[in-house]
Chemist: 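Got a structure for you, questions after.
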Amino acid sequence: LYEDPMSQKRLRAADETPVPRSLSARAQLYERVFPQYRQPVEVGVFSLDSQRAFFNDSRQLRYYVDPGNKPKFNLRDGYRDRFVKRDDGVKERLDHLLRWIVANRAKLRSTHVSSSPCTLGVDFVTWRGHLTKLLTTPYETQEGWLLAVSKFGGTLYVSEVETEAARVNRENRTERHEEMMYWGYKFEQYICADDANGVPDRGGVVNTNEAFCTVVQTRLAEHKLLFSGEVDCRDKDPRAPPAPACYVELKTSAEICTPKQRSNFHRYKLLKWWAQSFLPGVPRVVAGFRDHDGVVVSVETFHISKISQLIKNEYNCWKPTVCMNFCSDFLSFVKSVVKEDNPRLVYLFAWEPHRDVTYTVHRDSQYTFLPDWYIKELTI
Ligand code: 0WD
Ligand code: CA
């Protein structure tokens, strides 16, 4: 954009700040004090049914049933005959979250007295999963990302675009990998009941179209955020603290047999688990450790607030402050780049491991992601 130093000079003379062209993701640059992260507040929920239809309620919320320490669940059960898989070739972008915004806009605005009628009173709208990717970027060495950003009504919308590499991986998964992706959902079925007083139905169908999502509002440094994330289940005790503190994230992972495996678990897996649950304020992860045949051999609870202690003995390990500072600086970078308020204009931010974050600009392209129905609803 401003290739020669002259054009930057001219900009400064016109009393405008030069627009930075890239952002480094080197971890050492982000080792400073932990940025302010306001306690996330749940402002709503929504559900997606077995057909992926949206409902502005908690009908898909499930309840945690303690499986004990050594449950011997067979995660392979039902893969062939009781599995309905969501079509992950269908790109939904921010659509479900936008649907929630349209249905709950009055509620949003009333909490933001200062905002004008067609603005939301937040700086960023996105999925929790996209923020997780940002948090882990300074430590990621395998997979890059593409994030599309459009400014509309003063709010920046951030929606992921599948990279070519990710598409190739998705289209060439082995049968073993496909089955292992099912294991996580099967684990959820062994643990979750549909009612607070019910029991899990291990003989039922696993349908990955179904989802329960929380919508939370928070602030990272000077950035007001509104994002949504899928929640696996909640504490069934009615005296449990209010959401998101009552929520439980479920995970499966290969059983840990060697010191090397333990170290890798701390260095890579716990980073992803921490980032994903810390963002919406989900306090615990319940992990099922499984063997090579998909049998859960042990179950362990990880408290998010204790994970940074747990990893401190690892040499050269990840640091929560680096994750949060990188995310905050990326959001500042986005704010400085995306100036034009126009839902048809997309700034595509790209990152590959060992590279800086850069961006390209696209007008009325394949990358435009804010749907017409949303723009109409919010413009009225
Ligand atoms: O279009 C896209 N690029 C994406 C859409 C990427 C990620 C999510 N989504 C949408 C879907 O509508 C999904 O219902 O967001 C919802 C989940 O959002 P999230 O919570 O922000 O995503 P993330 O934190 O990455 O994943 C949470 C859970 C996963 O659990 P595990 O324990 O494996 O992390 O959501 C599921 C998965 O069970 N999940 C998805 N479900 C539907 N579509 C997707 C996806 N693309 N990715 C993860
Ligand atoms: Ca999960």
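Residue numbers count from 1 along this sequence. All ligand and atom numbering here is 1-based and tracks the order in the structure.
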Chemist: Parallel, tilted or perpendicular for F54 and H96, by the 30°/60° rule?
Modeler: parallel
Chemist: Please determine whether D232 has a backbone or side-chain N, O or S atom lying under 3.0 Å from the Ca ion (ligand 2).
Modeler: yes
Chemist: Name of the E249 N, O or S atom nearest the Ca ion (ligand 2)?
Modeler: OE2
Chemist: Think R99 forms a cation-pi with W373, using NZ or CZ under 6.0 Å from the six-ring centre and within 45 degrees of its axis?
Modeler: yes
Chemist: Relative to Y268, does K272 satisfy both conditions: NZ or CZ under 6.0 angstrom from the six-membered ring centre, and within 45 degrees of the ring's axis?
Modeler: no
Chemist: Quick check, are the ring centers of W145 and F330 under 6.0 angstrom apart?
Modeler: yes
Chemist: Would you check if the Ca ion (ligand 2) lies under 3.0 Å from any N, O or S atom of L250?
Modeler: yes
Chemist: Run the side-chain contact (heavy atoms from CB on, under 4.5 Å) test against M324 and tell me which residues pass, sequence neighbours left out.
Modeler: F34, P35, Y37, L135, L220, W274, F278
Chemist: Quick one: list whatever passes side-chain contact (heavy atoms from CB on, under 4.5 Å) with R262, sequence neighbours left out.
Modeler: I256, H266
Chemist: Enumerate the residue pairs fulfilling ring pair (Phe, Tyr, Trp, His ring centres under 6.0 Å) with a member in residues 153-185, sequence neighbours excluded, ordered by first and then second residue.
Modeler: Y79-Y182, F83-Y182, Y157-Y374
Chemist: Give every pair made of an N or O atom of ligand 1 and a protein N or O atom lying under 3.5 Å apart, one pair per line with both atom names and the distance to 0.1 Å, or write 'none'.
Modeler:
| residue | atom | partner | partner atom | Å |
| --- | --- | --- | --- | --- |
| ligand 1 | 12 (O) | R52 | NH2 | 2.8 |
| ligand 1 | 12 (O) | E92 | OE1 | 3.3 |
| ligand 1 | 14 (O) | R52 | NH2 | 3.0 |
| ligand 1 | 14 (O) | E230 | OE1 | 3.2 |
| ligand 1 | 20 (O) | R128 | NE | 3.2 |
| ligand 1 | 20 (O) | R128 | NH2 | 2.8 |
| ligand 1 | 20 (O) | E230 | N | 2.7 |
| ligand 1 | 21 (O) | R128 | N | 3.4 |
| ligand 1 | 21 (O) | G129 | N | 2.6 |
| ligand 1 | 24 (O) | R128 | NE | 2.8 |
| ligand 1 | 24 (O) | R128 | NH2 | 3.3 |
| ligand 1 | 24 (O) | Q276 | NE2 | 3.0 |
| ligand 1 | 32 (O) | E249 | OE2 | 3.0 |
| ligand 1 | 32 (O) | K251 | NZ | 2.8 |
| ligand 1 | 34 (O) | K251 | NZ | 2.9 |
| ligand 1 | 34 (O) | Q276 | NE2 | 2.9 |
| ligand 1 | 35 (O) | E230 | OE1 | 2.9 |
| ligand 1 | 38 (O) | Y185 | OH | 3.3 |
| ligand 1 | 43 (N) | R86 | NE | 3.3 |
| ligand 1 | 43 (N) | R86 | NH2 | 2.8 |
| ligand 1 | 46 (N) | R86 | NH2 | 3.2 |

